[in-house]
Peer 1: 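Have a look at this one before I ask anything.
Here is how names work: the chains are called A, B, and so on, in the same order as the sequence lines, proteins then strands, and each is numbered from 1.
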Amino acid sequence: IVLGNALVNMYGKCECLDDAWEVFWRLTERDVVSWNTLISVCAHLERRDQVWQLFEQMRLEGLLPDRFTFVSILDACITQAALVKGKMVHDCFLSSAFNMDVMVGTALVTMYGKCGSLKDAERAFENMPRQNSVSWNAFIGAFAQYGEAKQAIHHFKRMKQKLDPDKVTFTIVLNSCSHAGLVDEGWDIFSSISQVYGMVPAVDHYACMIDLLGRLGRLAEAEDLLCNVPCERN
RNA sequence: UUGAUGACAG
């Protein structure tokens, strides 16, 4: 069964949905991992109808969804029209232990954020029993995505009082500065990567800064930075 | 064996 599940996963990751589907149905036994694997594959390929169909079928076969299942289901709710469905799924586990799960909570924040419901994203985030850097990134990213750079920076500052930002955090916040044209804030944050956090700025961070300068038409500075990127450029 | 956050290229 482990081998079968791995096969479903392999075909899915290769985007061979038909093959994944066929292997799945040929399995003599299917456990919760088998279902999760195919549901996750369908979610990533944006086959939302199939996600719902499988979710229903697995329950008909008497299997209980776990946190992996819910993460994929929430993934499939990422589209404007699915906000209602997303809330339904949320209600499904509102009073269960899944509501306490960091990864399910993060998937919720992402879902609400991508559906444009920043209020719900904020509520879901604040209701999480604890937040790790991935949760913070999802939360900050929700504001960044909607051009709320000031809010993104505000929550970034809150995050810094609790735990250290990571590489993804800086990418999100710098990108947000780039879209809002916040060049001073961008430079401050960029400098803090090495000066405050002792991290080596990644090529992604240089790319964000170059993008920021470029959008403002400050091409000489952008080029200068590009020529001075100390790591390997992509 | 399945899982949450990522900008540019677009």
Side-chain angles (χ1 to χ4, degrees), chain A residues 1-13 20 23-24 27 29-44 51 54-55 58 63 65-78 86 89 93 98-114 121 124-125 128 130-145 147 149 152 155-156 159 163 165-180 182 186 189-190 201-215 222 225-226 229 233-234:
Chain A
I1 196 162
V2 171
L3 184 59
N5 292 345
L7 264 177
V8 172
N9 186 41
M10 186 272 289
Y11 280 122
K13 290 277 172 11
V23 172
F24 176 84
L27 295 176
E29 266 190 301
R30 285 175 283 274
D31 61 7
V32 67
V33 176
S34 324
W35 289 92
N36 288 346
T37 304
L38 191 57
I39 289 175
S40 155
V41 162
C42 290
H44 280 113
V51 169
L54 289 165
F55 184 48
M58 87 179 273
L63 284 162
D66 63 9
R67 58 201 199 123
F68 295 81
T69 323
F70 279 116
V71 166
S72 296
I73 298 285
L74 288 169
D75 220 13
C77 293
I78 295 177
V89 175
F93 59 76
F98 294 122
N99 207 35
M100 308 287 280
D101 188 86
V102 194
M103 286 186 297
V104 174
T106 304
L108 248 189
V109 172
T110 304
M111 187 276 289
Y112 281 131
K114 294 238 164 90
F125 180 77
M128 289 172 66
R130 67 181 192 86
Q131 293 97 354
N132 62 17
S133 64
V134 180
S135 334
W136 276 101
N137 292 346
F139 183 53
I140 295 169
F143 292 96
Q145 174 155 351
H155 291 298
F156 172 61
M159 173 188 187
L163 76 172
D166 63 15
K167 180 183 162 181
V168 173
T169 319
F170 287 114
T171 308
I172 293 167
V173 180
L174 288 176
N175 167 58
S176 183
C177 292
S178 160
H179 283 91
L182 300 175
I189 292 164
F190 182 80
V203 64
D204 308 39
H205 304 134
Y206 282 95
C208 288
M209 288 309 296
I210 292 164
D211 185 51
L212 168 50
L213 294 166
R215 281 175 196 267
L225 186 58
L226 173 62
V229 173
R233 289 172 293 193
N234 59 17

Peer 1: Within the 4.0 Å heavy-atom criterion, would you say A/Asp66 contacts the bases, only the backbone, or no part of the nucleic acid?
Peer 2: nothing

Peer 1: Rounding to a whole Å, what distance do you find between A/Phe143:CZ and B/G6:P?
Peer 2: 15 Å

Peer 1: Between C1' on B/U2 and OH on A/Tyr11, what's the gap in Å once rounded to a whole number?
Peer 2: 18 Å

Peer 1: I'd like to check the salt bridge (Lys or Arg N to Asp or Glu O under 4.0 Å) partners of A/Asp66; sequence neighbours left out, ordered by chain and number.
Peer 2: none

Peer 1: Quick check for you: among B/U2, B/A4, B/U1, whose closest atom lies nearest to any side-chain atom of A/Asn36?
Peer 2: B/U2

Peer 1: Once side chain to side chain contact (heavy atoms under 4.5 Å, CB included) is applied, do any residues pair with A/Ser178, and if so which ones, sequence neighbours excluded?
Peer 2: A/Asp211, A/Leu212, A/Arg215

Peer 1: Would you classify A/Thr37 as touching base, sugar-phosphate or nothing, given that sugar-phosphate means primed atoms plus P, OP1 and OP2, and contacts are heavy atoms under 4.0 Å?
Peer 2: sugar-phosphate

Peer 1: Nearest-Å distance, CE (A/Met209) to C1' (B/G6)?
Peer 2: 17 Å

Peer 1: Whole-Å distance between B/G6 P and A/Leu174 CG?
Peer 2: 15 Å

Peer 1: Given atom CG of A/Leu27 and atom C1' of B/U2, what is their separation to the nearest angstrom?
Peer 2: 13 Å

Peer 1: State which residues pass side chain to side chain contact (heavy atoms under 4.5 Å, CB included) with A/Val229; sequence neighbours excluded, sorted by chain then number.
Peer 2: A/Tyr206, A/Ile210, A/Cys231, A/Arg233

Peer 1: With A/Leu63, which residues qualify under side chain to side chain contact (heavy atoms under 4.5 Å, CB included), at least two apart?
Peer 2: A/Trp35, A/Met58

Peer 1: Reckon A/Val33 touches a base, only the sugar-phosphate, or nothing at all at heavy-atom distances under 4.0 Å?
Peer 2: base

Peer 1: Report the distance from atom NZ of A/Lys13 to atom P of B/U1, rounded to the nearest whole Å.
Peer 2: 11 Å

Peer 1: If we take the C1' atom in both B/U2 and B/G6, what is their distance in whole Å?
Peer 2: 22 Å

Peer 1: Choosing from B/U1, B/A4, B/U2, which nucleotide comes nearest the side chain of A/Phe68?
Peer 2: B/U2

Peer 1: Can you tell me how far P of B/U5 sits from CD of A/Gln131, to the nearest Å?
Peer 2: 16 Å

Peer 1: With sequence neighbours excluded, tell me which residues meet side chain to side chain contact (heavy atoms under 4.5 Å, CB included) with A/Asp204.
Peer 2: A/Lys167, A/Thr171, A/Ala202

Peer 1: Below 4.0 angstrom from OP1 or OP2 of B/U2, is there any side-chain N or O of A/Asn5?
Peer 2: no

Peer 1: Name the pairs: protein N/O against N/O of nucleotides 7-10 of chain B, kept only if under 3.5 Å.
Peer 2:
{"residue": "B/A7", "atom": "O3'", "partner": "A/Asn175", "partner atom": "OD1", "Å": "3.2"}
{"residue": "B/A7", "atom": "O2'", "partner": "A/Asn175", "partner atom": "OD1", "Å": "2.8"}
{"residue": "B/C8", "atom": "OP1", "partner": "A/His179", "partner atom": "NE2", "Å": "3.4"}

Peer 1: Sticking with atom C1', work out how far B/U5 lies from B/U1, rounded to a whole angstrom.
Peer 2: 24 Å

Peer 1: Hey, is the side chain of A/His44 poking within less than 4.0 Å of OP1 or OP2 on B/A4, counting only N and O atoms?
Peer 2: yes

Peer 1: Whole angstroms only, please: what is the CH2-P distance between A/Trp136 and B/G6?
Peer 2: 17 Å

Peer 1: For the rings on A/Phe143 and A/His155, is their centre-to-centre separation under 6.0 Å?
Peer 2: yes

Peer 1: Using every non-hydrogen atom in the two residues, find where A/Cys77 and A/Val89 come nearest and quote the distance to one decimal.
Peer 2: SG-CG2, 4.3 Å

Peer 1: Among A/Phe170, A/Phe156, A/Phe125, exactly one meets ring-ring contact (aromatic ring centres under 6.0 Å, His included) together with A/Trp136. Which residue is that?
Peer 2: A/Phe125

Peer 1: Expressed in whole Å, how much space separates the C1' atoms belonging to B/C8 and B/A4?
Peer 2: 23 Å

Peer 1: Indicate, yes or no, whether a donor-acceptor pair under 3.5 Å links the base of B/A4 to the side chain of A/Asp75.
Peer 2: no

